[in-house]
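All heavy atoms count here, side chains included; hydrogens, waters and symmetry mates do not. In what follows, chains are A, B, ... by sequence order, proteins preceding strands, each numbered from 1.
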Amino acid sequence: MAGRALPRITRSIALLLVSVLVSYVVASAALCPRAHFEDRTPRPPAAAVDHELAAVGLDDSTPVLARFGHWAWRALHGDLGRTIDGGSVNAQLGERIGVSVRLLLVGTLAGAGLGVLAGVWAAVRRGRLPDHAMTVLSFLVLSVPTFVLALLLKDGALSFNHCLGHTVIRYTGESTPDHKGTWTSQLADRSSHLVLPAATVALGSIASYSRYQRAATLDLLAADHLRTALAKGLTPGRALLRHGLRVSLIPMTTFFSFGFLTLFTGSVFAEQIFGWPGMGSWFLEAAQEGDVNSVVAVCLFSAVTVLLAGLLADALLLVLDPRVRR
Amino acid sequence: MSTVLELRDLHVGFGPEHAAVRGVDLVLRRGEVLGLVGESGAGKTVTALAALGLLPSRATVRGSVRLLGTELVGLPVRDLARLRGRRIAMVFQDPLAAFTPVHRVGDQIGEVLRIHERPRPGRRSARQRAVELLTELRVPEPQRVARAYPHELSGGLRQRAMIAMAVAGRPDVIVADEPTSALDVTAQAEILAALEDARAATGAALLLVSHDLGVVAGAADRVAVMYAGRVVETGPAHRLFGNPRMPYTMGLLAAAPRLDAAHALSQMPGAPPAPGEPVEGCAFAPRCPVARPECESDDPVLTPADGAPARADDGHLVACLHPGVTAARTAADLYPTSAPPAPRPPGDVTALRVTALRASYRGRRAVHHADLQVRRSETVALVGESGAGKSTTLERIIALGAPESGRIEVLGRDTARLGRSEVRRMRGRVQIVLQDPSATLDPRMTIARIIAEPLEAQRAPRDRTAARVRELLAEVELDPGTAGRRPPQLSGGQRQRVALARALAVRPELLLLDEPVSALDVSVQAGIIALLRRLTSAPGSPACLLVSHDLAVVRQLADRVVVMHGGRTVESGPVDAVFDRPRHPYTRLLLSAVPTLGRPRPAGPPAAFEEAAAATGCGFRARCPVYRGLPAEQRLSCERDLPAPAVDGVACHFPHADGGMPLRGRPASKGHPPVQ
Amino acid sequence: MLPPLPGALVGLALITLLGLYAVLGPYVSPWSPTDIDYRALSVPPGAGHWFGTNRIGQDVFAQTARGLRKSLLIGLFVALASTAFAALVGTCAGYFGGWTDRVLTFVVDLFLVVPGFLVLVMVAPALRAAGWVAYAGAFAALGWMLTARAVRATALSLRERPYVTAARHMGVRPLRIVRRHILPHMASFLITHATIATAGAVISEAGLSYFGFGVQPPDVSLGTLIADSTEVALTYPWMFFFPTGMLLCFVLAVNLVGQALRRVLDPSAAGAEVPA
């Protein structure tokens, strides 16, 4: 098994390195950090701007590749450079990464878990009301762009809170600032903040997973080995559980790695719209300010998560399917 | 003998217009083997599935299926589940698909026990019992097989594991649906023996469903022949095969190629109705040579064949309105036949010569040493089990490139030395017909364009193309109107004719045929064999290399035969000599395993399943009966030395002579060891 | 779900209506998108302003028409460009195999690992200045990879089909094989993908503009219109409702058509009807 894993991991690392290079070059070419300093009033002298740029490693008189080399050398030693305001990228990253990881985790788990359950359910009830309802619902959800979904959820929550007369569902931040109390009330507070962003991120996932899982399950219901299971004397429900579910999850591992791409973009929207101080909202701020190092840090984070999702999908496949093991 | 399974007036439909089974009556008594034969689409599998209540939910079932007195039609799922596996079990056609890919074989066998036995055996003991069941069926290395995943086993082993799973619940009835199709003849014989073992161990009755008349003839006590969703003839095996009365059965039996001689094959006209096609009167009437007007309208029912008042289910019954008409006739009186072509003197020019070929398939060495030669105007067959390297050899020849090692000469040219444009020109002189006609024709193209494709590839003048296509359609006996149709609109036989027409379009000098009839039903196959006989014996016909695992077909078509085993050609010679007086023990094994009409059941498993790849010496010795009978000092040469390659001879240290004597024993022959 | 035919008809009708609105809207309306009616700030839909006005008195009908046209134009361009490119890359990788395949697959994976939307955020402002084709080109350049992977897989399986093998053995030239036996079998798949890619592109563009990295004032797109009206969605619903409604209608319609196409053209994939 190690023989199979090693080339896969090497390849992932190669992809990671090249993608970081590409991100750095694109960010340097497309963003204009100089503007960030020059736009101040009064307009600072050019020399001062040069000085400040050099201080954060964005001196535009050195060639991009040289700057990248410098940055990469330090990055390899665990230092991702300075933000445009002179702060540490590492420090920012430390503050924000947890927020995004929590959101992504909840989104992935809820999306994959509920999506698979919904798909199996729809397939088993094929052609009946639950199946039709699921089909229509998932179709509608998938036809709503994530940011519109987030806005609709937010407006919905506003109206909901308004009707109830007090704020039940919260839509700004990850927790209420200065919220003190027992851990249960902390948890309740966090949950009420989590509902909307998590729904934004997960709904699309649930919808698409359920579609794929439904198709996989339908294929499976027609499979020979399920008939064998029935011929042995298993009832249809048990046959599906023991001989079906695991097999139907095998093709899902492919969708898992692709699905994560969409999920990541969705989380950027969710963070921005619901005011979560995560990687996504950091990126949007940084891109506006021309903060190359911060932008690259977020790209690095994105690439790492996407590659990890891919490796996780591979690992899942290995666990599920003895045919791909050697 | 008491009845264990009884089907009465069984109807199965898929949708309102599509009747798959139209009134089947079958009775299975305790301990007997009932063979259910018929061509594809006859409703055999649907009938078999109905016996377990395993039909998909969209199927509508009418009539009665009684298992040990319990009516299964309309039985709640929960009660059905209690009977399945314990009272009635099934062996499925494709064991790779029928096993769950993600569970170990032993666990899947043991699961039957865990479902039905109370108190419920634990996982460990169920697994142990699975090993015992495998041992009972004489599976080599049962421990290892039980631990394996299905994809890790060979086809034969998987099917034996499937049989072990069916036996696990000690059922009263075992239904085996095409248990041997897609297996090599040697594995086939072993599966039939395993089914016999299973039956002996449990005393179960066996419903054996097969399209292969030879398999059924060898194994069944009684036989029922199905056509278009009905049983058209039934009776004791020896009577039905010896004295068939329904014109369909007669034609079917006479259309099946035999192993013992090249003989005239009957050709039934037309094709069976497509599943679901509405049928009025006798379904066979449109193809029947003795049909009368009333056959088109009146429904025949099963009646005693001789008019004698036989007991309903005992005797020989025929569903024919005029059973008397066929009483004194043979199939040759009823149907046109195609006689084998007169033997031709082999040409002296070599069309294809393969010398010491070595080749790999997907990174594994598949061919170690192949020698073969095809002369002009002769047909040479390359035979052997799957994995013997036949297809890889063929693929290397058609690639027209440099082999890894060895030499391929096509039409006098060494393929390693052909330039690109020479290769392209050569492709106009060598053509190949691949196995499955439904897959080798682009479904989106019209037949005319398909046939014209090689002409266009060779830049033939366009104005002549249309005329050539018409000519070719006539040559393969297809209606000119076929030109405008597309492959999905044609039957299997018609598609293979199109594939042949396409191959002949450029008037090739060498024709490679890869299993050209193995995807076809017997009655259709006879027509294609007749066509191939005509096409390859006409003056100016191409030299042919025919690859086939079906030895009976080879006997009908080939002039010479080359036998491959484990990537080596082990014997070659004129087809009559090799088939009648095989000298290599492997050839003998292969020939003896073929289930044939009119022969007793094949002998039990000749050898262990898996061959350990021998690093040195003869690759066949693990299965070789000669080797097993040798004294230790003579075994040495088999273990140490590779037999010399067979060039029109035999690659064996101790080959059989005509009388079972070795021709060239290694240490001055001390008499051949007794064999078999 | 709607059976394919009615679904497709509803979808096609919706697309036609939206197209007509986008093309003819500006000519029908007395207002141009940039006109400011100082006498009517934030008026609800009525006779003077059919879809009402926004807070600075611009006509929502005219603005939505302009925004929709922009979105449709970009969606169409991106769908065609990305599908064509994906077909080219995927077919080459799948059919020719070997090093071609390895290099192309690495490139595809690289584009998947480099976060597409984030790159768009960075490059869109720069490209916007270079005209809408460059702007739309960026979406196409970052939206072809999954299609290419699917095309590659299809090409790989088609390459192994016996009729393709047969054609090779007959001496048919590789490009002719691709044209005759590979592409026709991929056409239905590509048409379906192009349809669904239109929706994907419109969604991405709207999202980008929503965050202010896409189309800039005075030009409008559905995304900027939605962004501008988000704050007041509950107080002046029409400002939010019309652009959002148009966006949803379009995506829904395209998905309906795509689903129907997939069922008709590509029955093997019909089980998994996943819209953009």
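- Nearest heavy-atom pair, A:Arg242 versus B:His103, reported as atom, atom and distance to 0.1 Å: O-NE2, 2.9 Å.
- Crowding of B:Arg365 atom CZ: a count of heavy atoms from other residues, nucleotides or ligands under 6.0 Å exceeding 12.
- What you find for A:Pro322 and B:Pro101 is that their closest heavy atoms are CG-O, 3.3 Å.
- Only the side chain of B:Leu49 comes within contact range of chain A, with heavy atoms under 4.5 Å apart.
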Worked verdict on B:Ile115 versus A:Arg238 for side chain to side chain contact (heavy atoms under 4.5 Å, CB included): CA-CA 11 Å; B:Ile115 295 168; A:Arg238 279 176 179 275; over 6 Å; no
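- Between chain A and the residues B:Leu54, B:Val112, B:Asp94, B:Leu96, the largest count of heavy-atom pairs under 4.5 Å involves B:Leu54.
- Looking at B:Phe99, the atoms closer than 4.5 Å to chain A (heavy atoms on both sides) all sit in the backbone: N, CA, C or O.
- Of all the listed residues (A:Leu221, A:Leu320, A:Leu230, A:Leu226), the one sharing the greatest number of non-hydrogen pairs under 4.5 Å with chain B is A:Leu230.
- In this structure, chain A has a heavy atom under 4.5 Å from the side chain of B:Val77, while its backbone stays farther away.
- Summarising the geometry, atom OG1 belonging to A:Thr228 is positioned 11.5 Å from atom CZ belonging to B:Arg84; distances are rounded to the nearest 0.5 Å.
- Counting all heavy atoms, side chain and backbone alike, B:His116 lies closest to A:Gly233 at NE2-CA, 3.9 Å.
- Your options are A:Ala229, A:Gly244, A:Ala231, and the one with the most heavy-atom pairs under 4.5 Å with chain B is A:Ala231.
- The candidate from A:Ile250, A:Leu234, A:Asp321, A:Val247 with the greatest count of non-hydrogen atom pairs under 4.5 Å with chain B is A:Leu234.
- With a 4.5 angstrom heavy-atom cutoff, A:Ala223 does not touch chain B via any of its atoms.
- Separation of atoms NZ (A:Lys232) and CG (B:Leu52) is listed at 14.0 Å; rounding is to 0.5 Å.
- For chain A, the option among B:Gly85, B:Gly169, B:Ala81 with the highest count of heavy-atom pairs below 4.5 Å is B:Ala81.
- For CZ of B:Phe14, the number of neighbouring non-hydrogen atoms (other residues, nucleotides, ligands) closer than 6.0 Å is greater than 12.
- The two residues B:Phe92 and A:Arg227 make their nearest non-hydrogen contact at CE2-NE, 3.4 Å.
- With values rounded to the nearest 0.5 angstrom, A:Thr235 atom OG1 is found 11.5 Å from B:Leu80 atom CG.
- Heavy atoms closer than 4.5 Å to chain B are found in the side chain of A:Arg246, but not in its backbone.
- For B:Gln93, no part lies under 4.5 angstrom from a heavy atom of chain A.
- Of the listed residues (B:Met90, B:Arg86, B:Glu111, B:Gln108), the one with the most heavy-atom contacts under 4.5 Å to chain A is B:Glu111.
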